[in-house]
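Beneath this line is the structure, given in structure tokens, with notes to follow.
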Amino acid sequence: MNNDTRWLARLAIDQGIVSRSHCLKTRDKLGGVVDLMTFAQEMIDAGYVSDIEKLEKIAEMAVTKSQVGGPASDPFDGEETEPPFAPMLATGAKTPAAAAAAAAATKAGPAPAFSFEKLATLDDGALASGLRELLKSTARYGASDLHLSTGARPFVRKNRALSYLSDYTLTAKDALRLNVALLSEGQKKIFLERKDYDYALALSGADRYRVNLMFHKNGAAGAYRMVPAQTRTMESLGYTKHLETLKKMLSYHN
């Protein structure tokens, strides 16, 4: 196992992001020699990690620390005693922005629903219609992103936390059909040739999305970012105490 991967596991365990059992299961699935990014992505795809932003920060620390060697306590070796695992939760008083987000969450619609296990029974028209409604319900739910990836369960991201929409794992055929369902023939041709495609999707004036499609080692994957209908003001985001200073900084050329 590479030193940067060892450090990633060590730091993630110590900071309560994953358990040692999660790391051992990931190692057993991928094999003994695996790079940091592949290891991190597998833990995300397996559903072991919910705070992806924190994992990214830990990965940066792991790369830096690996330059001088591996961790003194190797999480993959020995009979390390593992305490009961409880994912780390944010604590402390809410900032105005966090309070506003929490208030907005209480007004959100129900969690998105889609019968992924019945994909094979849907024709292309029904699949496209279902995906449009899934995107709209994801936006109403207050989520920021929808992810549809080969070899993973479909999930949304809301307030930085991941929520799985189904226990069904998308096959390569499922993921490809889903992610090309809303493309024109010209767009589909570009995506299949380049294996990577970014585009803007507008289902209506208020339902807009930024989409990234790609192929990874297992098959197609799509990330759908919700574009808010309105741009939030600085005040609504909670930046009131230093508003004038921030406005001055934003006016600078660079």
Side-chain angles (χ1 to χ4, degrees), residues 5 8-9 12 17-19 21-31 34-59 85 87 111-122 127-128 130-135 137-139 141-183 188 191-192 194-199 201 209-226:
T5 307
L8 175 70
I17 301 299
V18 295
S19 69
S21 296
H22 292 154
C23 293
L24 293 176
K25 288 178 181 178
T26 303
R27 179 202 62 184
D28 292 344
K29 180 176 181 179
L30 296 176
V34 60
D35 63 86
L36 178 147
M37 294 306 298
T38 301
F39 193 89
Q41 187 61 54
E42 177 58 33
M43 288 200 294
I44 293 170
D45 291 344
Y48 299 150
V49 178
S50 59
D51 193 336
I52 295 178
E53 185 174 337
K54 186 146 192 174
L55 183 66
E56 290 172 348
K57 293 179 180 178
I58 287 175
F85 175 64
F114 188 93
S115 298
F116 292 97
E117 64 279 0
K118 296 181 180 179
L119 274 171
T121 67
L122 301 178
L127 181 59
L131 182 56
R132 291 189 191 96
E133 183 53 40
L134 175 60
L135 286 167
S137 62
T138 298
Y141 179 58
S144 60
D145 303 87
L146 168 68
H147 292 266
L148 304 171
S149 180
T150 299
R153 292 176 288 164
F155 67 89
V156 297
R157 188 199 305 264
K158 181 177 180 180
N159 298 332
R160 294 172 53 188
L162 304 186
S163 297
Y164 289 96
L165 303 181
S166 173
D167 289 330
Y168 180 76
T169 298
L170 295 175
T171 66
K173 184 177 180 180
D174 293 332
L176 182 59
R177 286 193 69 209
L178 277 166
N179 287 303
V180 302
L182 302 180
L183 298 181
K188 182 177 178 180
F191 172 47
L192 295 178
R194 297 180 181 175
K195 307 300 182 185
D196 186 87
Y197 187 57
D198 295 326
Y199 73 103
L201 174 64
Y209 312 88
R210 292 200 305 271
V211 185
N212 168 249
L213 304 180
M214 61 169 287
F215 277 88
H216 56 58
K217 64 179 181 177
N218 296 321
Y224 299 77
R225 169 64 58 88
M226 313 296 127

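FYI, the numbering just counts along the sequence from 1. Just so you know, these numbers come straight off a predicted model, no measurement behind them.
Taking the ring pair (Phe, Tyr, Trp, His ring centres under 6.0 Å) definition, one finds that Tyr168 meets it with nothing, sequence neighbours left out. In terms of the side chain to side chain contact (heavy atoms under 4.5 Å, CB included) criterion, residue partners of Arg27 (sequence neighbours excluded) are, by chain and number, Met1, Leu24, Phe39, Phe76. Arg132 meets the side chain to side chain contact (heavy atoms under 4.5 Å, CB included) test with Ala128, Ser129, Leu182, Leu203; sequence neighbours excluded. By the side-chain hydrogen bond (donor to acceptor under 3.5 Å, both in side chains) test, Lys29 is found to be paired with Glu42, residues two or more places apart in sequence or in another chain being considered. Listed by chain and residue number, Phe114 satisfy the ring pair (Phe, Tyr, Trp, His ring centres under 6.0 Å) test with Phe116 (two or more places apart in sequence, or in another chain). Scanning for side chain to side chain contact (heavy atoms under 4.5 Å, CB included) contacts around Ser115 gives Glu117, Lys118, with sequence neighbours left out.
You'll find the side chain of Met226 reaches within 4.5 Å of the side chain of Tyr209, heavy atoms only. You'll find the side chain of Tyr48 stays beyond 4.5 Å of the side chain of Cys23, heavy atoms only. Annotation: side chain of Asp196 is in contact with side chain of Asn212 (closest heavy-atom distance under 4.5 Å). Side-chain contact check for Thr171 versus Thr150: every heavy-atom pair is 4.5 Å or farther apart. Side chains of Leu148 and Tyr224 form a contact here, defined as non-hydrogen atoms less than 4.5 Å apart. Counting heavy atoms from C-beta outward, Arg153 and Ser166 have side chains that stay 4.5 Å or more apart. By the 4.5 Å heavy-atom criterion applied to side chains, Met214 and Lys195 are not counted as neighbours. Residues Leu135 and Leu146 meet the side-chain proximity criterion, which asks for heavy atoms closer than 4.5 Å.
Nearest approach of Pro112 to Ser137, heavy atoms of both residues: CB-OG, 3.5 Å. Listed here is the closest heavy atom pair of Tyr164 and Gly47: OH-CA, 2.8 Å. Nearest heavy atoms, Leu122 versus Arg177: O-NH2, 2.9 Å. The two residues Lys158 and Gly142 have their closest heavy-atom pair at CG-O, 3.7 Å.
With hydrogens and angles disregarded, no donor-acceptor distance shorter than 3.5 Å links the side chain of Lys54 to the backbone of Ile17. Formation of a donor-acceptor pair under 3.5 Å by the Thr169 side chain with backbone atoms of Gly151 is not found in this model. With Asp35 contributing its side chain and Met37 its backbone, the two residues share a donor-acceptor pair below 3.5 Å.
For the atom pair CG (Leu213) and CZ (Arg194), the distance works out to 12.5 Å, reported to the nearest 0.5 Å. In this structure, CG on Leu178 lies 6.0 Å from CG on Leu131, to the nearest 0.5 angstrom. Expressed to the nearest 0.5 Å, how far CG of Asp145 lies from OG1 of Thr138 amounts to 10.0 Å. Note that OG of Ser149 is 3.0 Å distant from NE2 of His216, once rounded to the nearest 0.5 Å.
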### Task
Evaluate the side-chain contact (heavy atoms from CB on, under 4.5 Å) criterion for residues Val156 and Leu162: first the C-alpha distance (whole Å), next the side-chain angles of each, then the deciding distance (0.1 Å), finally the verdict.
CA-CA 6 Å; Val156 297; Leu162 304 186; over 6 Å; no
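Counting non-hydrogen atoms of neighbouring residues, nucleotides and ligands closer than 6.0 angstrom, the CG atom of Asp167 reaches no more than 12 such neighbours.
No side-chain N or O of Tyr197 forms a donor-acceptor pair with one of Asn179 less than 3.5 Å apart.
Here Phe191 and Tyr199 keep their ring centres 6.0 angstrom or further from each other.
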